[in-house]
Number of protein chains: 2
Amino acid sequence: MTDKKIRNMEDFAAVSGISRPTVSKYFNDPQSVRKSTRARIEEALEKYDYRPNIYAINQNRRQTKNIGLVVPNLADPFFAGIARSIEALIVDAGFSPLLLSSHGGPEQELANLESLRAIKPAGVLLAPLGRASDIDQVKKFTTEIPTVLFDANLDNVGEAFFGCDNTQTIDLIVDYLCRSGEPPVLFEMENPVNPNAFRKRSAYVDAMTRLSHEPHFIRVSGDGWDFEEIGYREGKRVILQNLLPTRTVLCSNDRLAIGFLAAAFECGEKVGLGPDCTLRVAGHDDHPFARYTCPGLTTISQDYASITARSVETILRIIESGERPETREASYFEGRLVMRGSA
Amino acid sequence: MTDKKIRNMEDFAAVSGISRPTVSKYFNDPQSVRKSTRARIEEALEKYDYRPNIYAINQNRRQTKNIGLVVPNLADPFFAGIARSIEALIVDAGFSPLLLSSHGGPEQELANLESLRAIKPAGVLLAPLGRASDIDQVKKFTTEIPTVLFDANLDNVGEAFFGCDNTQTIDLIVDYLCRSGEPPVLFEMENPVNPNAFRKRSAYVDAMTRLSHEPHFIRVSGDGWDFEEIGYREGKRVILQNLLPTRTVLCSNDRLAIGFLAAAFECGEKVGLGPDCTLRVAGHDDHPFARYTCPGLTTISQDYASITARSVETILRIIESGERPETREASYFEGRLVMRGSA
DNA sequence: AACAAAACTTTACGCGCGTCAATTTTTTAA
DNA sequence: TTAAAAAATTGACGCGCGTAAAGTTTTGTT
């Protein structure tokens, strides 16, 4: 590394022996210049410490190479995992991801979109809060910047949606639970923030009806995203007050189930499949911690490899084509049953 | 909102009836202009949709208003929580946080620092991987951009460090465990990535010695950051093979403990304090899930409110003073014991 | 009312790069 | 060998804003 100070592309072009416009071309796409030219530039890059000024680049380009990524709650490892996966795909495509978490609040979600406006991203991948979102404002944002939704759908917002086929997954797990023991009661939030909860609810009713069982619900109250706490508190209540209509509990998501399992443990229930077990518990989503609950949580694993891949592909296609698709695509991917000890 | 297109600050200055340099001054600090001027600008802001171009701003300012925030692993809810807390403090100070996760790998950590170089942040808050870090490269980065370390210290890297006083916390929990039952064995990684593990190790030896007990170790092998998996696998091994020198296990961190508890459960051990219990387990860090293990995990809660606050304060002071401090500060904050059912 | 200080306006330059048009050089194909 | 095509060079403009200097207006004080 030579010490000579390279202040800008002009300086760098000088030391590399190539003209500045060509160097500029190289940085926009190394393949767009002749091989011998590329070699000379890369040789200079080895010797001198130069990096194009990203602010000058973005000021002058029609479009930035940024892609916004907004998730509802990074403190939930499920979303942290998805974010990581998406970030990798974005980087592979030569774009820069910008990760923002809404921390479960609609104000933060809007603040995140506002931050994104400032950096003028070429596109945005958004997992919205759901019912809690300020839908009008989110929709307005998506008219300004191409946006693909994932995880939670908002009617007619964004260019596309990719998520889990909750009908299929609930069907799958209800079927399994009925086959292997008592039919399940659905343990869910009274006022779920996530619109998927509604799909799950009706999928549960359909599945139970199909199997000639009566659907039962336990609807618990609670605000915010502290699902483990809600699952624990309300789980304890329903167990102690003997409010369970059946000894098989299907929790609407794993985080509720994790709290519920903690409550069951404290109440002396023996959760599992064995003949001496008093309770079965299942969840949904295959949370990273679901395998370390006591016992391990039987749950549904979302096909989030497909969800993330298709989401990224779609936003990239929109960006590269430069035009919004005429019809809004919505795809729901099938999940699979993950059997562990709890049910 | 009027429709007239505002393309830049010049246009906006025109419609607000204020000169462009004054408008520029306003956006840099609204308090720096006369109240009546401020009112006219803000009135125009209500009527017209204008936002200064952040790329043009950052190209021309001496310093950006960006602060980088790098954590070792966002999939760990402990760091997700810390990141959220730090982000809020940065925003309150009028800066823009940029959150990056190293995903447990030194390559990603360096890639993150490289990304940060591109955006020329005014300062960086870095929780390094620790022993796994490419320390020379990290150190080089900190000479270019003011950096404050937190969580894991690297000798003489960065302007300051803020973290947990592991000597005090280990002392506290060893003391408690010895008082309330059998002295603990330390369950830890053979080759820990986190340098805090070494402090914990020697703090454990000191505390045990002081209390006239012989220190015992269980050192388990395993790579990467999948601590629950390691705790589970190795926990199962040591329990089944009867390798525990004592029935009280102090895990080096909560994630190991979560895995260990799952293993203990599967092996039919009854963890807790009761007379019929066969094992006690404690952790360290007060992981967000520690209260939902079965039983709840007795652990140490780090004072991360102080750690985050002091880290942010320090980087802001360095940024605002414009000069690096002459001496490197390193502060260790005391943690407190969180008693739950497991020990 | 007079004056100094503070705030604002006008004018102008520069930041680092994208990009264009006109020209020259190099490569490829016939 | 030569013409055509491709690539690089030269020179120049513009992006949107920070910021400086010099002059003008407003404000606050006595």
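Below, chains carry the letters A, B, ... as their sequence lines are ordered, and counting in each starts from 1. Please read these numbers as outputs of a predicted model, since none were measured by experiment.
- Distance B/Asn28 CG to D/dT19 P: 6 Å, rounded to the nearest Å.
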Stepwise side chain to side chain contact (heavy atoms under 4.5 Å, CB included) check, A/Lys139 with A/Asn156: CA-CA 8 Å; A/Lys139 192 174 172 76; A/Asn156 223 24; 4.2 Å; yes
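- When the nucleotides D/dT10, C/dC8, C/dC17 are ranked by their closest atom to the side chain of A/Pro21, D/dT10 comes out on top.
- Residues B/Ile57 and B/Pro52 share a closest heavy-atom pair of CD1-CB, 3.5 Å.
- For the residue pair A/Asn28 and A/Arg61, a side-chain donor N or O sits within less than 3.5 Å of a side-chain acceptor on the partner.
- Of the residues listed (B/Arg38, B/Glu42, B/Arg34, B/Arg40), the one engaging B/Tyr26 in a side-chain hydrogen bond (donor to acceptor under 3.5 Å, both in side chains) is B/Glu42, and it is the only one.
- Summarising the geometry, the separation between CG on B/Asp29 and P on D/dG18 is reported as 13 Å, rounded to the nearest angstrom.
- Residue B/Met9 has its side chain nearest to D/dG18 when only D/dA8, C/dT10, D/dG18 are considered.
- Comparing D/dT19, C/dC17, D/dG16 against the side chain of B/Arg20 picks out D/dT19 as the nearest.
- Judged by atom type and distance alone, A/Asn60 reaches the base of D/dG14 through a side-chain donor-acceptor pair under 3.5 Å.
- Taken residue by residue, residues 114-123 of chain B places no heavy atom nearer than 4.0 Å to DNA chain C.
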In sequence, state the C-alpha distance, the side-chain angles, and the governing distance for A/Thr314 and A/Ser311, and then conclude on side-chain hydrogen bond (donor to acceptor under 3.5 Å, both in side chains). CA-CA 5 Å; A/Thr314 303; A/Ser311 300; over 6 Å; no
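- A sub-4.0 Å separation between OP1 or OP2 of C/dC17 and a side-chain N or O of A/Asn58 is absent.
- The aromatic rings of A/Tyr332 and A/Phe161 are tilted relative to each other, their planes meeting at an angle between 30° and 60°.
- Here the P atom of nucleotide C/dG18 and the CZ atom of A/Arg62 are 13 Å apart, to the nearest Å.
- Note on B/Tyr50: a side-chain N or O is less than 4.0 Å away from OP1 or OP2 of D/dC17.
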Pairs under 3.5 angstrom only: tabulate donor-acceptor contacts from the side chains of residues 86-98 of chain A to other protein residues two or more places apart or in another chain.
none

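- In this structure, the CD atom of B/Glu10 is 11 Å from the C1' atom of C/dT11, given to the nearest Å.
- Salt-bridge formation is not detected for the pair A/Lys47/A/Asp49: no Lys NZ or Arg NE/NH1/NH2 atom is positioned less than 4.0 Å from an Asp or Glu carboxylate oxygen.
- The nearest heavy atom of DNA chain C to B/Gly17 and to B/Gln59 marks one nucleotide each, and the one closer to the 5' end goes with B/Gly17.
- In this entry the distance linking CD1 of A/Ile57 with C1' of C/dT19 reads 14 Å, nearest Å.
- Contacts with DNA chain C (heavy atom under 4.0 Å) in residues 34-43 of chain B: B/Arg34, B/Thr37, listed by number.
- Residue B/Ser24 has no polar side-chain atom (N or O) positioned under 4.0 Å from OP1 or OP2 of D/dC17.
- Look at OH on A/Tyr55: it is 19 Å from C1' on C/dG14, rounded to the nearest Å.
- D/dT9 atom P lies 11 Å from atom NZ of A/Lys25, rounded to whole Å.
- Closest approach to the A/Asn8 side chain among D/dG18, C/dG16, D/dA8 is made by C/dG16 (side chain taken as heavy atoms from C-beta onward).
- For A/Arg117 and A/Glu144, the salt-bridge test passes: some basic side-chain N is under 4.0 Å from an acidic carboxylate O.
- Annotation: B/Phe27 is in aromatic contact with B/Tyr50 [ring centroid separation under 6.0 Å].
- Closest to the side chain of A/Ser19, from the set D/dT10, D/dG18, C/dT10, is D/dT10.
- In this entry the distance linking OH of B/Tyr26 with P of D/dT19 reads 18 Å, nearest Å.
- Which of C/dC17, D/dC17, D/dA20 sits closest to the side chain of A/Asn53 comes down to C/dC17.
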